[in-house]
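Report on the structure given below.
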Amino acid sequence: MEPDFKQKSIIDKAESYKIFLQQFTSLIEGETHEISVFANTCAALKEAFDFFWVGFYLVDNDTLILGPFQGSVACFSIRKGSGVCGTAWAEEHTIIVPDVDLFPGHIACSSLSRSEIVVPLIINGEVKGVLDIDSDRLNAFDEIDQKYLEETVRLLAETLYNNKK
Ligand code: SME
């Protein structure tokens with residue numbers, strides 16, 4: 001039987017995320033300062049997966065404000081409902097964009113960004129911000145990324161907001 005390379009790459013990605021989540025859990029254990037945890041979350045994701053850009057945009061009234069990130073200079077603020085980030089905020093769910101050129105209203109912070117995933121951080125039913133990850137490859141994100149990045153954000157929320165000292 002021919003080897004199933006696609007299957008192998010899917011298993012490898014899930015395995016990589018599982019290892020990442022183990023390390024991430026111990027990295028942030030007991031930490032309660034939002035900015036520090038967001039900053040190290042970006043650093044850990046960038047180091048583990050070499051994403052082109054990874055960062056947080058944080059809700060401030062009716063706008064998302066650029067938070068901690070790893071990558072090139074990005075836009076400072078995004079209105080609710082604008083771009084991928086503002087849409088994920090308004091719709092309160094993860095958005096995967098296989099080709100940013102095909103997403104109406106996509107905000108291009110870098111012309112090198114080709115695909116994107118945005119995961120909202122929801123605390124007590126309210127969006128506090130979004131985790132935004134860009135790739136310089138088309139179609140870089142799928143349901144495996146969604147599953148494990150949502151788990152990453154869930155862990156972060158549990159650590160930061162349920163374990164307040
Ligand atoms: N592309 C995003 C803007 C943020 S940058 O990708 C860092 C969007 O459309 O919301």
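Atoms within each ligand, like the ligands themselves, are counted from 1 in listed order.
The closest donor-acceptor contact from the side chain of Ser115 to the backbone of Arg137 lies under 3.5 Å.
Taking a cutoff of 4.0 Å between a charged side-chain nitrogen and a carboxylate oxygen, Asp101 and Arg114 do not qualify as a salt bridge. Taking a cutoff of 4.0 Å between a charged side-chain nitrogen and a carboxylate oxygen, Asp62 and Arg79 do not qualify as a salt bridge.
At a threshold of 4.5 Å between non-hydrogen side-chain atoms, the residues Thr159 and Glu29 do not count as touching.
Under 3.5 Å, the side chains of Tyr17 and Asp145 contain a donor-acceptor pair of N or O atoms.
Protein residues with any heavy atom under 4.0 Å from ligand 1: Trp53, Tyr57, Ala74, Ile78, Gly83, Val84, Cys85, His106, Ile107, Cys109, Glu116, Asp132, Asp134.
Annotation for Arg154: atom CZ counts as buried by contact number, over 12 foreign heavy atoms lying within 6.0 Å.
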